[in-house]
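Here is the structure we will look at.
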Amino acid sequence: MSMNFDMKEQIVEASKRLLMEKNVKKLTVTDICQECNITRQAFYYHFESIVDMLKWAIRKEGTEIYKNALAEGSFEKSLKYLILVYINIQEDLKKGLESNYGEEIRKILKDGIINIFRSAAKENNLDSHLDKDEFEFKILYHSYAIGGILQHWNDDYSKNIDEVVKYIKDIMTK
């Protein structure tokens with residue numbers, strides 16, 4: 001592991017602490033630098049901007065989540081894993097979305113979710129009977145539908161998560 005990667009991790013962890021533990025609503029490079037005891041030049045050596053840092057962190061975390069979801073074996077188990085991850089990070093996610101970078105985080109997450117579903121659909125050959133435009137439309141449709149379900153997730157859904165996952169899978173694979 002390189003020193004650059006370690007420093008990137010430290011910068012991201014400092015940013016998370018500021019957003020999650022200290023409830024900072026306005027994240028700045030100065031605050032991040034103070035939190036992890038680095039200079040502004042060090043921050044800008046590793047990232048072009050806070051948005052660049054957020055993209056890097058979310059992509060890195062998303063890649064790890066996706067790998068773990070695939071390791072679950074089946075499409076249904078992978079989908080359940082992704083939903084459980086969302087449930088577990090929901091409060092932290094809300095804090096990030098309430099910051100001054102909420103819109104950027106929302107866009108990065110939306111693009112990431114679409115990419116995860118696109119990759120999962122291809123891995124499970126759910127695209128074999130569709131042309132490219134139909135496939136992309138179906139991915140967008142289901143990504144937004146599942147995003148909407150997650151935004152309105154409640155205790156009843158959690159109690160019946162296996163049935164909800166099966167229902168979502170049945171709809172997605174038709």
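Quantities reported herein were computed from a predicted structural model and do not represent experimental measurements.
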Is there side-chain contact between H46 and I38, with heavy atoms separated by less than 4.5 Å?
no
Handout entry: Sub-4.5 Å side-chain heavy-atom contact between K26 and D31
Key = no
For this session: Please check if V29 and W56 belong to a single hydrophobic cluster, counting links between Ile, Leu, Val, Met, Phe, Trp and Tyr side chain heavy atoms closer than 4.5 Å.
Result: yes
Correct closest heavy-atom pair for F43 and C33 would be CB-SG, 3.9 Å
If you group Ile, Leu, Val, Met, Phe, Trp and Tyr by side-chain heavy-atom gaps below 4.5 Å, do L150 and I87 land in one group? yes
TODO: Could you tell me whether K166 and D162 make a salt bridge, using a distance below 4.0 angstrom between a side-chain N and a carboxylate O?
DONE: no
Rounded to the nearest 0.5 angstrom, the CD1-OH distance for I50 and Y101 is 3.5 Å
To the nearest 0.5 Å, atom NZ of K110 lies from atom OH of Y144 at 3.5 Å
In this structure, OH of Y45 is separated from OG1 of T39 (nearest 0.5 Å) by 12.0 Å
Do Y81 and Y157 share a hydrophobic cluster, counting only Ile, Leu, Val, Met, Phe, Trp and Tyr and linking them when any side-chain heavy atoms are less than 4.5 Å apart? no
Quick check on the hydrophobic clustering: are M7 and L18 connected, directly or via other members, by side-chain heavy-atom contacts under 4.5 Å? yes
What one should report as the nearest heavy-atom pair of I139 and I114 is CG2-O, 3.7 Å
Heavy-atom nearest pair, F75 first then K169, reads CD2-CG, 3.5 Å
So CG of N68 and CG of L82: to nearest 0.5 Å the spacing works out to 9.5 Å
Item to complete: Applying salt bridge (charged side-chain N to carboxylate O under 4.0 Å, His left out), run through E72 and K80 and close with a yes or a no.
Response: CA-CA 9 Å; E72 293 293 314; K80 182 177 178 180; over 6 Å; no
Nearest heavy-atom contact between N100 and L27 is OD1-N, 2.7 Å
Discussion item. Are the side chains of L70 and S119 in contact, using a 4.5 Å heavy-atom criterion?
Written reply: no
Around E98, counting heavy atoms of other residues, nucleotides and ligands shown, do more than 12 lie under 6.0 Å from its CD?
yes
Q: Would you check if E104 and K55 make a side-chain contact, meaning some heavy-atom pair closer than 4.5 Å?
A: no
- request: Go through the steps to decide whether E13 and K16 satisfy the test salt bridge (charged side-chain N to carboxylate O under 4.0 Å, His left out), and finish with yes or no.
  value: CA-CA 5 Å; E13 287 305 313; K16 283 183 187 178; 3.5 Å; yes
With the side chain counted from C-beta on, respond yes when I83 and W153 share a heavy-atom pair under 4.5 Å apart, and no when they do not. yes
Exercise. When you look at K159 and D155, which way does the salt bridge (charged side-chain N to carboxylate O under 4.0 Å, His left out) test go after all the steps?
Worked result: CA-CA 6 Å; K159 289 176 192 169; D155 290 339; over 6 Å; no
- Ignoring hydrogens and angles, tell me if any N or O in the side chain of K95 forms a donor-acceptor pair with the backbone of M20 under 3.5 Å. yes
When rounded to the nearest 0.5 Å, the distance separating CZ of R106 from CG of L93 is 8.5 Å
*Report yes if the side chains of I113 and I146 come closer than 4.5 Å at any heavy-atom pair, otherwise no.*
no
Checklist line | Non-hydrogen side-chain atoms of I161 and L84 separated by less than 4.5 Å | finding: yes
Are the side chains of V12 and F47 in contact, using a 4.5 Å heavy-atom criterion? yes
Taking every heavy atom of A69 against every heavy atom of S78, the minimum-distance pair comes out as O-OG, 2.5 Å
The reported gap from CD in E136 to NZ in K132 (rounded to nearest 0.5 angstrom) is 6.5 Å
Check: Are I168 and V85 co-members of a hydrophobic cluster defined by side-chain heavy atoms under 4.5 Å apart?
Finding: no
